[in-house]
Amino acid sequence: MNEVFIDIKDNNGNVFHSTSVDLDDFNDYEEIANYLVEDVRENVDDSYAIV
């Protein structure tokens with residue numbers, strides 16, 4: 001298990017979402033990025049725009 005904790009911040013540096021990721025579950029950084037985008041879409045309220 002190679003778990004890391006990731007804080008996602010807004011433009012002002014405020015953390016609006018935290019998650020953990022097991023790097024062994026992914027083949028490359030693109031897969032991790034796609035996972036994080038989906039995680040944010042599912043768990044962050046609509047006041048934050050996802051681009």
Side-chain angles (χ1 to χ4, degrees):
M1 181 175 217
N2 195 8
E3 189 173 33
V4 295
F5 293 92
I6 299 172
D7 289 333
I8 301 173
K9 298 180 179 183
D10 63 17
N11 290 341
N12 296 317
N14 301 312
V15 174
F16 67 89
H17 184 63
S18 295
T19 190
S20 63
V21 174
D22 185 353
L23 298 178
D24 295 334
D25 292 341
F26 301 94
N27 293 319
D28 58 29
Y29 291 114
E30 184 176 359
E31 285 185 7
I32 296 169
N34 290 335
Y35 169 80
L36 291 173
V37 167
E38 287 305 313
D39 187 56
V40 169
R41 283 185 176 144
E42 292 173 4
N43 296 299
V44 174
D45 67 51
D46 292 339
S47 64
Y48 287 95
I50 310 255
V51 292

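What you are looking at is a predicted structure, and each value in this text was computed from that prediction instead of being measured.
In this structure, E3 places its CD atom where more than 12 heavy-atom neighbours from other residues, nucleotides or ligands lie under 6.0 Å away.
Between the side chain of N12 and the main chain of N14, no donor-acceptor pair closer than 3.5 Å is present. Side-chain N or O atoms of D22 include one that pairs as donor or acceptor with a backbone N or O of N2 at under 3.5 Å.
When side chains are defined from C-beta on, D25 does not count as touching Y35, because their heavy atoms never get closer than 4.5 Å.
Of all non-hydrogen atoms in F26 and E31, the two that sit nearest each other are CA-OE1, 3.4 Å.
Neither F5 nor V21 shares a network with the other; the hydrophobic side chains, linked directly or stepwise wherever heavy atoms of I, L, V, M, F, W or Y lie under 4.5 Å apart, form separate groups for each.
The distance from the NE2 atom of H17 to the CD atom of E42 is 9.0 Å, given to the nearest 0.5 Å. Distance check, rounded to the nearest 0.5 Å: CG of L36 to CD1 of I8 gives 5.0 Å. Atom CG of N43 is separated from atom OG of S18 by 11.5 Å, given to the nearest 0.5 angstrom. Note: I32 CD1 to N27 CG = 9.5 Å, rounded to the nearest 0.5 Å.
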